[in-house]
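A quick write-up on the structure given underneath.
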There are 4 protein chains.
Amino acid sequence: MHMVLRHGTIVTATDIYQADIGIHNGLVALIGRDLHGDSILDADGRYVFPGAIDPHTHLELDSMDTVSADDFYTGTVAAACGGTTTIIDYAEQSQGGTLRDALQAWRDKAENKAVVDYGFHVSITDATEEVLTEMQEMVTQGVPSFKCYLAYPEKLTDAELLRVLLRAREIGAVVNVHCENGSLVDFMTDRLLQEGKTEPRWHPRSRPASFETEATQRAVTLAEIAEAPLYVVHLTCAEALKAAKRARASGRPILVETCPQYLLLDVERYDEPDFGGAKYVMSPPLRERWNQQVLWNGLVVGDIDVIGTDHCPFNLVGQKDIGRDDFSKIPNGMPGVETRVPLLYHEGVNKGRISLNRFVELVATNPARIFGLLPQKGTIAVGSDADLVVWDPDKEMTLSVENLHMNVDYSPYEDVTVRGYPEIVLSRGKVIVRDNHFQGQAGSGRFLRRKPFVA
Amino acid sequence: MHMVLRHGTIVTATDIYQADIGIHNGLVALIGRDLHGDSILDADGRYVFPGAIDPHTHLELDSMDTVSADDFYTGTVAAACGGTTTIIDYAEQSQGGTLRDALQAWRDKAENKAVVDYGFHVSITDATEEVLTEMQEMVTQGVPSFKCYLAYPEKLTDAELLRVLLRAREIGAVVNVHCENGSLVDFMTDRLLQEGKTEPRWHPRSRPASFETEATQRAVTLAEIAEAPLYVVHLTCAEALKAAKRARASGRPILVETCPQYLLLDVERYDEPDFGGAKYVMSPPLRERWNQQVLWNGLVVGDIDVIGTDHCPFNLVGQKDIGRDDFSKIPNGMPGVETRVPLLYHEGVNKGRISLNRFVELVATNPARIFGLLPQKGTIAVGSDADLVVWDPDKEMTLSVENLHMNVDYSPYEDVTVRGYPEIVLSRGKVIVRDNHFQGQAGSGRFLRRKPFVA
Amino acid sequence: MHMVLRHGTIVTATDIYQADIGIHNGLVALIGRDLHGDSILDADGRYVFPGAIDPHTHLELDSMDTVSADDFYTGTVAAACGGTTTIIDYAEQSQGGTLRDALQAWRDKAENKAVVDYGFHVSITDATEEVLTEMQEMVTQGVPSFKCYLAYPEKLTDAELLRVLLRAREIGAVVNVHCENGSLVDFMTDRLLQEGKTEPRWHPRSRPASFETEATQRAVTLAEIAEAPLYVVHLTCAEALKAAKRARASGRPILVETCPQYLLLDVERYDEPDFGGAKYVMSPPLRERWNQQVLWNGLVVGDIDVIGTDHCPFNLVGQKDIGRDDFSKIPNGMPGVETRVPLLYHEGVNKGRISLNRFVELVATNPARIFGLLPQKGTIAVGSDADLVVWDPDKEMTLSVENLHMNVDYSPYEDVTVRGYPEIVLSRGKVIVRDNHFQGQAGSGRFLRRKPFVA
Amino acid sequence: MHMVLRHGTIVTATDIYQADIGIHNGLVALIGRDLHGDSILDADGRYVFPGAIDPHTHLELDSMDTVSADDFYTGTVAAACGGTTTIIDYAEQSQGGTLRDALQAWRDKAENKAVVDYGFHVSITDATEEVLTEMQEMVTQGVPSFKCYLAYPEKLTDAELLRVLLRAREIGAVVNVHCENGSLVDFMTDRLLQEGKTEPRWHPRSRPASFETEATQRAVTLAEIAEAPLYVVHLTCAEALKAAKRARASGRPILVETCPQYLLLDVERYDEPDFGGAKYVMSPPLRERWNQQVLWNGLVVGDIDVIGTDHCPFNLVGQKDIGRDDFSKIPNGMPGVETRVPLLYHEGVNKGRISLNRFVELVATNPARIFGLLPQKGTIAVGSDADLVVWDPDKEMTLSVENLHMNVDYSPYEDVTVRGYPEIVLSRGKVIVRDNHFQGQAGSGRFLRRKPFVA
């Protein structure tokens with residue numbers, strides 16, 4: 001063994017037990033007790049989790065005349081420091097462009113920068129016959145998941161989405177859908193702006209929960225028609241969850257992702273003074289507080305499968321302020337890739353809402369399973385990549401800008417202190433983070449060829 | 001290592017991977033590749049599952065003036081041959097008796113006979129103040145689950161069940177409830193008999209799905225009032241599942257068990273000629289076929305947590321025929337402990353309804369988790385008991401009386417051939433079954449002290 | 001024509017139109033314009049409603065060692081002053097007694113006192129074989145509705161209620177059910193009292209919404225099993241309504257009554273100082289405020305069919321105070337027969353929640369239809385009894401004790417002022433109320449033989 | 001009195017009673033007994049219903065390169081013979097045209113032809129700012145209802161429909177929506193045709209129930225967002241009804257229309273040989289039979305408010321056969337205006353599914369109430385138009401082409417015999433039909449200025 005991780009309490013989606021982990025050639029090679037190796041990492045009294053997977057990031061994304069503030073270096077360093085050792089980023093098809101080009105462009109962005117392993121979803125913004133054909137090639141290249149929008153200029157018509165779903169079913173892919181009714185959002189945005197309602201607090205009014213609910217129920221209905229799997233990204237509210245749930249009841253694979261911000265923050269944030277509401281301008285927006293309990297229940301009973309982040313940070317100064325006089329011009333997005341795992345641990349496990357196993361399932365195992373990475377990622381088993389997090393359940397951390405590594409000038413959780421934080425993070429057997437300091441090197445992350453979707 | 005199980009494909013509720021398992025002192029001691037040991041069992045090309053757990057058996061049960069046909073020897077031999085290495089049997093409080101006495105009586109029945117490990121639930125048939133107090137002692141002795149009936153003479157009133165639930169919450173126990181409205185069953189039974197309707201086919205009419213649904217919704221409502229966990233045993237029908245599901249939506253731990261017979265057999269069986277319907281006389285009875293799809297969907301989406309058996313066999317000749325002239329006198333119950341795992345594998349995994357992981361979860365991991373046996377049982381992890389099943393996915397078996405080990409003169413699946421069957425079964429590291437032959441010895445099973453319930 | 005009611009705006013459940021009404025021999029004889037008659041009542045600018053029907057009163061009821069404060073004289077005078085010209089009171093079977101005796105006893109109470117027409121429901125508290133047989137006789141005598149309790153010592157078992165329902169279906173009767181789970185209420189009451197919780201504010205805690213919901217869903221399930229009509233009396237809360245609604249979806253005649261107090265008052269009333277909470281001690285109790293909106297919606301969309309009162313007044317001094325040291329000894333009930341119609345008009349029609357037609361339907365036509373009184377009562381049509389209310393939509397009235405005629409020392413709506421009140425009330429063509437003064441005479445009311453129930 | 005209708009049993013949505021009706025100047029002038037008049041019509045032993053209202057017809061409609069076979073003469077003669085004395089037809093805005101022009105064009109079509117009174121809805125196919133403004137003028141002119149399509153080339157976007165709904169709320173109008181997802185229908189149609197599936201039986205596959213359900217849930221969601229009333233035209237299936245119902249639960253005025261064909265015919269009709277399936281080609285199409293019971297339940301419990309026809313006949317020879325080689329070219333529509341009332345009476349009242357009052361409510365009173373015609377039409381009250389039907393409950397009629405007056409070469413109910421049929425039909429006091437013979441004259445019908453919508 002090159003390395004032994006000793007005396008930790010190993011936690012997977014199923015198990016909790018104490019054992020040593022032997023690591024060889026970047027893989028988990030042996031699990032037992034009293035193992036020996038070239039080097040020893042002590043994990044006594046700490047948990048050992050599989051490295052978490054963030055299946056929803058937007059690094060270095062061109063959006064609204066600016067670029068999201070984290071590139072594949074800063075973004076993955078931040079991810080790693082927060083316990084996430086795999087990300088799946090969204091490569092966006094340009095209008096008229098090919099999926100191939102999109103994938104290549106994003107691989108290029110990542111290649112010499114990423115410090116953890118990464119995969120890509122490809123967003124289909126132009127569902128031509130050629131693109132439908134090209135989808136097969138993407139699956140072959142390790143991209144068995146596509147994204148479609150029901151909002152934004154990139155939005156597909158219902159028939160286009162149906163075609164993508166039908167195609168996805170044929171080729172073993174899953175379709176991730178951004179569920180907001182863009183036609184209504186545009187109408188409402190125009191109306192608010194015409195009425196002179198330009199501050200950030202009008203952003204959530206321009207895209208209320210009912211618009212998301214409508215789009216969600218439409219998307220799940222299309223998936224039922226196509227008999228295809230569907231993955232609802234960043235679901236935010238009770239009614240949309242109910243729509244997804246109704247569809248699941250018939251046995252369809254309707255998968256649901258939510259994000260920490262929808263579990264923890266609410267619509268009142270948009271009232272923060274001095275343009276502070278801009279920090280939370282993202283789509284869908286934060287909702288009324290009562291939705292949070294419903295989402296937590298969904299996590300507990302299994303109606304929500306995954307916690308992602310939709311990490312897409314923009315600086316308050318120089319980026320968010322583009323929309324100072326018009327909320328619709330504020331770049332949409334929030335930082336999150338670094339804080340997801342600690343927040344869910346603190347609010348979920350410490351507060352008794354979810355078990356340790358369920359925690360691991362939500363941040364690591366389910367993303368791996370759904371997106372074709374199990375057992376390479378998302379679990380701790382012999383043969384898996386040694387992407388491991390030694391988690392100190394007693395370590396406290398305040399999630400302020402100065403403690404975090406994301407390349408953005410604010411934290412949405414500035415004063416929040418969590419208990420439980422990564423102590424050591426390994427990527428394929430190498431220690432890349434220790435005590436919140438990154439020790440790895442740019443470009444060490446590899447592109448992941450993921451396997452086709454299986455229901 | 002005393003023994004190494006080599007080259008198998010290990011399947012847990014989370015993982016599927018190829019590795020060797022080193023066994024020492026009856027425990028899983030090491031998982032890796034190319035392991036060495038005193039003896040080698042080859043599992044190449046086969047799956048290695050954690051030994052399954054049947055959380056619902058009635059061995060050697062006095063019932064309706066006779067005794068269920070399997071005792072703790074024959075019943076556990078059959079269990080083992082079918083891949084089940086742990087059972088949890090129901091110890092029944094006698095009217096006026098203590099829980100302590102019930103537990104002791106059942107421990108005595110099992111002690112020199114059982115060939116696999118076993119635990120007990122205790123059924124509360126007399127919910128006095130003393131009994132409520134005694135519940136704590138049961139938890140201390142490793143019995144953190146109780147059963148209450150809403151049918152039969154043993155049925156509790158609503159207030160009694162509420163008291164049991166409130167008490168259970170305090171002491172870390174879960175309450176298993178038999179959900180049929182006994183008051184209505186008695187009325188309907190009398191009515192049918194008065195009308196001269198005495199054949200087995202009237203049995204399902206005496207306890208229709210609506211009676212189960214009513215009792216289920218009452219039980220879940222009581223659990224909601226008590227804020228206590230509830231485990232619905234042998235749920236059979238769509239409407240009752242809907243009732244359970246409504247309660248789960250609020251985040252309550254409402255757990256649901258069904259059995260293979262409700263997934264695979266239907267009410268038309270009661271029309272078998274020559275008193276053949278008596279084979280299926282059990283409570284609740286088999287339902288109309290359309291319910292089966294709903295139950296399968298429930299397994300897929302997670303609304304049903306466990307597959308048990310309610311194993312309680314009676315011979316057609318000498319037992320079932322007590323009720324030849326009166327269906328209400330037919331001893332209630334059916335054999336099942338041996339066929340549960342192969343049936344679910346064949347109908348679930350082979351037919352593409354559920355994944356291998358979900359299969360393991362339903363027959364092993366979830367029963368272990370709910371009933372306080374994880375990680376000792378129900379998974380394959382370092383430190384767990386080496387209760388292992390080497391499963392040959394290609395082995396075919398016809399589930400006829402001559403191939404099975406249950407001590408009963410019929411099989412409800414006489415002509416059914418399944419593909420996938422245990423090749424070798426280990427209990428705490430000892431091979432007790434090989435190629436459908438039992439090789440262990442009576443009394444080798446141990447009483448399991450289970451841990452308190454955690455939501 | 002003996003009398004002509006001229007120029008009023010006639011309102012029925014369907015129509016609103018201006019016309020004169022000619023009355024002859026106590027009946028509506030002619031509807032047209034410019035009618036002539038012996039005497040003329042001017043109704044210009046006012047509405048003419050059919051006299052309202054209160055299908056749920058308890059006059060002169062022996063209860064908890066006292067007697068409800070209104071007898072058939074004071075109670076019906078109050079009813080008339082409030083626009084109600086028919087009541088249906090509950091005759092209670094005594095334990096071991098016959099239904100016949102109950103009916104006779106109540107007819108005797110009413111005969112020389114009632115000033116408006118009246119019918120009876122008979123409550124079955126002892127569902128013996130003889131009583132089931134006797135039900136037919138009751139229908140023949142004009143009593144096609146029975147009441148069963150699921151709470152109180154009079155409560156029936158599920159099998160008993162099922163038998164009553166099956167019998168009711170055979171003979172053209174409807175069963176009214178008081179839906180609270182008495183077994184749970186008794187348990188909770190004992191528990192609270194043991195904890196020293198004796199003030200009125202503990203009353204609602206002893207019978208929470210969940211107890212009502214459980215009983216409601218049980219009752220509707222039994223009605224579904226029996227394929228019999230069911231009338232849920234005094235439904236109070238959102239969850240119970242949902243249960244009723246689920247059953248209606250399958251086409252069953254599940255009818256729902258609520259009362260003004262559940263639409264307008266809430267659980268905080270029990271906190272009134274100086275034992276003031278006792279004014280609202282009734283069963284089921286007032287609920288949390290949010291339920292009110294759900295009930296109003298139910299009225300609008302048709303999920304609730306009838307507004308009754310459960311009028312059963314007890315004086316604060318000398319009656320309610322029996323329970324000063326023990327809420328469970330406070331006589332259960334509240335005055336309401338006089339205020340129902342004005343409250344529903346003010347809160348429903350004036351506030352734009354329901355239409356005038358729906359208002360008439362809820363307080364008059366639906367009770368008439370369900371309880372076999374149409375077209376004699378509950379509408380304005382040629383041949384109907386001339387039970388008419390000339391309603392002044394502009395008249396304001398404060399619902400204080402001094403303005404009301406109910407024989408009780410408090411008003412639950414002491415400071416409430418409503419707009420819209422009866423100006424003239426006719427019973428079978430005779431003016432019995434004018435400007436809130438009663439002008440009729442004791443004993444003028446007649447016993448109504450109602451017709452069998454039709455779905 | 002010019003005329004007296006004597007001894008009939010008058011039935012309204014609320015009442016059933018025997019009385020004479022005096023008619024003067026085309027109005028109901030007097031209701032009483034033993035009335036005298038210039039002429040007498042005897043209705044002894046027969047029912048007198050308010051003339052029925054068909055709120056959904058398409059007479060003389062240009063569609064798919066042909067014109068619907070009934071013009072305003074033949075269509076209204078047929079209506080009258082079937083007991084319908086008012087129709088509301090759809091005037092269609094032409095692309096780029098005004099609503100004003102559409103209304104005028106349809107008024108011109110009707111003026112010298114219609115034999116019963118008529119109103120119009122205006123269909124908005126081009127929701128420009130000008131058109132939104134023009135909506136107010138339509139309301140002023142007596143057209144307080146608009147139609148929007150979610151299918152066909154005329155379909156609106158979601159934002160357009162939302163704008164129409166918001167506008168409708170402001171001006172007291174209701175929006176009727178054709179709920180099918182046109183984007184999906186177009187896709188599916190192309191696909192089927194490309195696969196060579198051209199026969200009529202592919203028509204229902206091109207627009208399955210799920211497409212209607214999706215559009216229905218979208219429309220009701222938009223109505224909830226707009227807080228505007230919505231009228232779902234020709235709803236056909238269980239799932240769409242469920243969607244409407246969910247929205248009604250929150251108290252919204254979501255109104256639902258279905259048609260006799262969806263209650264009585266099913267998808268197997270499309271398999272009729274020799275292009276016979278073309279008779280039933282309409283949109284939405286006929287559904288699987290099990291939906292019918294759900295729709296009947298919806299009529300009973302009040303989830304469906306209106307029975308319309310969507311009358312839009314095309315001859316098999318010369319019209320339907322345009323699409324002999326391509327189902328998508330078959331003109332869409334079916335005759336129905338004449339058979340609606342007898343079919344609903346026979347299948348609803350005779351078969352015990354609905355009461356006489358509910359029957360009248362569904363075919364007359366509710367259309368009148370929703371579309372601003374009460375009390376002029378839809379009821380029998382003093383001051384109402386004397387649009388009356390003397391209904392012989394014993395008259396039998398076979399609904400074959402030779403007995404019917406619709407100008408079309410087939411009847412979808414060719415061999416169906418109903419019991420109960422109009423004997424005499426009066427329009428504003430004139431006998432226009434007697435014993436299935438039309439006696440009125442072209443152009444006697446008047447344009448109805450309807451009142452604004454009130455919830």
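A note on names: the letters A, B, ... follow the listed sequences, proteins ahead of strands, and every chain is numbered from 1. All values reported here derive from a predicted model rather than from experimental measurement.
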Residue, of D:A381, D:P253, D:G378, that accumulates the most heavy atom pairs under 4.5 Å with chain C: D:A381

Under 4.5 Å from a heavy atom of chain D, the part of C:A368 involved: neither

Side chain, backbone, both or neither of C:D303 within contact of chain D (heavy atoms, under 4.5 Å): neither

Chain D contact residues among residues 29-40 of chain C, heavy-atom distance under 4.5 Å: C:A29, C:L30, C:I31, C:G32, C:R33, C:L35

Side chain / backbone / both / neither for C:T365 at chain D, heavy atoms under 4.5 Å: side chain

Pairs of heavy atoms under 4.5 Å with chain C: top-ranked of D:L374, D:V294, D:N297, D:V454: D:N297

Pairs of heavy atoms under 4.5 Å with chain C: top-ranked of D:V28, D:D20, D:V300, D:D15: D:D15

Considering all heavy atoms, the nearest C:G251-D:V301 contact: CA-CG1, 3.9 Å

Identify every side-chain donor-acceptor pair in residues 219-228 of chain D under 3.5 Å, counting partners at least two apart or on other chains, and give the distances.
unit_1: D:T221; atom_1: OG1; unit_2: A:Q217; atom_2: NE2; d: 2.9
unit_1: D:T221; atom_1: OG1; unit_2: D:Q217; atom_2: O; d: 2.6

Residue selection (most heavy-atom pairs with chain C, distance under 4.5 Å) from D:K242, D:R252, D:R369, D:R353: D:R369

Partner of D:T379 by side chain to side chain contact (heavy atoms under 4.5 Å, CB included), out of C:I16, C:T14, C:T12: C:T14

More than 12 heavy atoms of other groups within 6.0 Å of C:Y47 OH: no

